[in-house]
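Working notes, structure below.
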Number of protein chains: 2
Amino acid sequence: MKTEKISELTTNRLSIYLRCLNELEASGVETVSSQAMADQFNLNSAQIRKDLAYFGEFGVRGVGYYVEELRLHLMKILGLTETRRVAIIGLGNLGMALANYQGFNQGDFEIVALFDDDPAKIGVRTRSGMEIQGAQNIGEIIESEGIEIVIIAVPATAAERVLEQVTEAGVRAVLNFAPVHLNPRPGVKVKNVDLTISLESLSYFLANPSDEALNVHYREFLRQEASNNGALG
Amino acid sequence: MKTEKISELTTNRLSIYLRCLNELEASGVETVSSQAMADQFNLNSAQIRKDLAYFGEFGVRGVGYYVEELRLHLMKILGLTETRRVAIIGLGNLGMALANYQGFNQGDFEIVALFDDDPAKIGVRTRSGMEIQGAQNIGEIIESEGIEIVIIAVPATAAERVLEQVTEAGVRAVLNFAPVHLNPRPGVKVKNVDLTISLESLSYFLANPSDEALNVHYREFLRQEASNNGALG
DNA sequence: AATTGTGAATTCCTTCACAGCC
DNA sequence: GGCTGTGAAGGAATTCACAATT
């Protein structure tokens with residue numbers, strides 16, 4: 001167990017390990033070695049061991065890791081022991097889709113509020129019956145609903161203002177879909193999902209077939225996950 | 001101009017530079033130095049210069065870069081001189097949203113076909129009037145429509161099979177929203193958008209406030225973009 | 001015998017700093 | 001004088017390889 005600063009590349013991989021362990025547990029596997037996991041899921045065994053070792057000594061030499069136990073450790077480390085309450089701001093196509101997205105609404109994240117400043121949208125309900133509220137109440141509802149994560153799905157020009165507003169209300173974690181860089185205050189984490197960059201990256205690949213950027217494994221994947229925070233947009 | 005292999009971190013940054021240049025051009029700026037761009041958009045000037053230098057000598061010493069000219073160079077490098085034709089497979093909430101998403105339908109990427117294997121969805125039209133087609137025709141329509149990029153928005157369990165199918169039809173670039181790792185054949189590029197990892201990363205941050213993972217700049221952001229390819233899921 | 005946890009080696013990426021050019 | 005392009009330095013992440021442990 002170290003005290004070093006832990007890279008976001010490492011914590012992103014924890015999510016992947018958790019997903020692997022969920023699969024293994026569903027298959028009835030009780031223990032797994034880092035090598036077996038690496039083989040099955042295209043990972044590097046030393047990296048798995050090193051990543052886990054930042055947080056404790058979870059393995060047993062000669063045996064491997066107990067699947068159920070490690071799974072619970074990872075849930076704990078990732079803060080997934082209680083459901084996180086989420087709000088979506090901006091109910092255009094993307095925001096609406098996210099509001100209905102099953103991946104969110106079953107499990108560790110629960111969408112509990114929807115906001116938009118378009119009067120035509122206020123009062124509209126999603127398929128699941130949740131009502132879109134006006135933007136003027138964001139602050140108080142975030143506090144009263146105990147919202148910890150905000151998803152920004154507004155146009156690029158409005159994103160910075162929305163970040164300001166939710167930061168003011170005490171939100172410290174933001175998932176930003178607007179294709180723009182946001183400068184969060186210290187202590188606030190913004191994670192970006194930038195579809196433009198993803199698509200242009202594919203376009204680059206098509207335009208430059210000689211760059212055999214194929215079969216990239218976790219490295220490349222997680223780098224992008226990690227950089228979806230950072231900076232500009 | 002080098003012949004080195006170019007990292008995906010570099011090409012992802014090209015997208016960001018392009019976005020900056022679009023803004024600068026819209027503001028009427030005609031030339032810009034790497035330092036000025038770095039200051040304005042939270043970048044590192046040496047990195048901008050180095051990234052650009054992989055592709056040519058676009059700058060003028062003592063002056064900087066001509067905004068319009070560099071913009072065109074980047075469009076060319078990123079393969080954005082012609083509209084890329086895109087299909088979406090899987091018209092659940094997410095797929096439907098992407099089908100209606102304005103960011104795609106104006107500009108460099110055009111959605112030209114929608115597929116789903118749910119009989120209840122076949123024949124349904126999006127807001128813009130595009131009709132969802134059955135999955136059995138994917139191969140021939142991909143070829144006849146000249147589709148170069150496929151967006152996978154099916155459940156995790158179906159994603160690998162869909163990848164196989166579109167690869168067979170000649171598609172070499174895939175944007176995968178299913179939370180699962182896909183193993184593309186050599187020469188095929190898969191870019192992942194994994195909302196689970198993004199959200200769990202925010203949850204980790206909330207659970208571990210001491211890790212001041214704040215104010216990460218391009219490094220972190222682009223790593224995640226880069227890693228959205230790689231491996232498992 | 002098998003597998004972890006980890007220092008050392010390696011590879012990859014970023015930043016510095018300056019020669020070269022406009 | 002100002003700025004690019006780039007070699008060299010520095011820093012970070014990954015992988016190797018093995019001592020420690022069950």
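Labels below follow one simple rule: chain letters A, B, ... track the order of the sequence lines, proteins then strands, and each chain is numbered from 1.
- Across the protein-nucleic acid pair, A:Arg49 atom CZ and C:dA2 atom P stand 15 Å apart, rounded to whole Å.
- Taking every side-chain heavy atom of B:Ser7 into account, C:dC13 is the closest of D:dT15, C:dC13, D:dG5.
- There is no side-chain donor-acceptor pair under 3.5 Å between B:Glu110 and B:Thr83.
- The side chain of B:Val60 lies closest to C:dC22 when the candidates are D:dT6, C:dC22, C:dG5.
- Remark: B:Asn44 is not in phosphate contact with C:dT14, judged by side-chain N or O atoms under 4.0 Å from OP1 or OP2.
- A salt bridge links B:Arg71 with B:Glu25: at least one charged nitrogen is closer than 4.0 Å to a carboxylate oxygen.
- The CG-C1' distance, from A:Leu52 to C:dT3, rounds to 13 Å in whole Å.
- The interatomic distance linking A:Gln47 (CD) with C:dG5 (P) rounds to 15 Å, in whole Å.
- Between the base of C:dT4 and the side chain of A:Arg61 there is a donor-acceptor pair shorter than 3.5 Å.
- A donor-acceptor contact under 3.5 angstrom links the side chains of A:Ser34 and A:Arg49, judged on distance only.
- Distance, A:Tyr66 OH to C:dA2 P: 17 Å, rounded to whole Å.
- Comparing A:Asp51 and B:Gly62 along DNA chain C, the residue whose closest nucleotide (by nearest heavy atom) sits nearer the 5' end is A:Asp51.
- Using a 4.0 Å heavy-atom criterion, one finds that A:Ser34 contacts the sugar-phosphate atoms exclusively.
- OP1 or OP2 of C:dG5 sits under 4.0 Å from a side-chain N or O of A:Tyr65.
- Atom pair A:Phe55:CZ and C:dT6:C1' shows a separation of 16 Å (rounding to whole Å applied).
- Comparing D:dG5, D:dC16, D:dT14 by their nearest atom to the side chain of A:Ala46 picks out D:dC16.
- Distance A:Asp39 CG to D:dT15 P: 14 Å, rounded to the nearest Å.
- Straight-line distance from the CG atom of A:Leu9 to the C1' atom of C:dC12: 12 Å, rounded to whole Å.
- For C:dT14, its base never sits under 3.5 Å from the side chain of B:Lys50 at any donor and acceptor pair.
- Taking atom OH of A:Tyr54 as the reference point, atom P of C:dG7 lies 11 Å away to the nearest angstrom.
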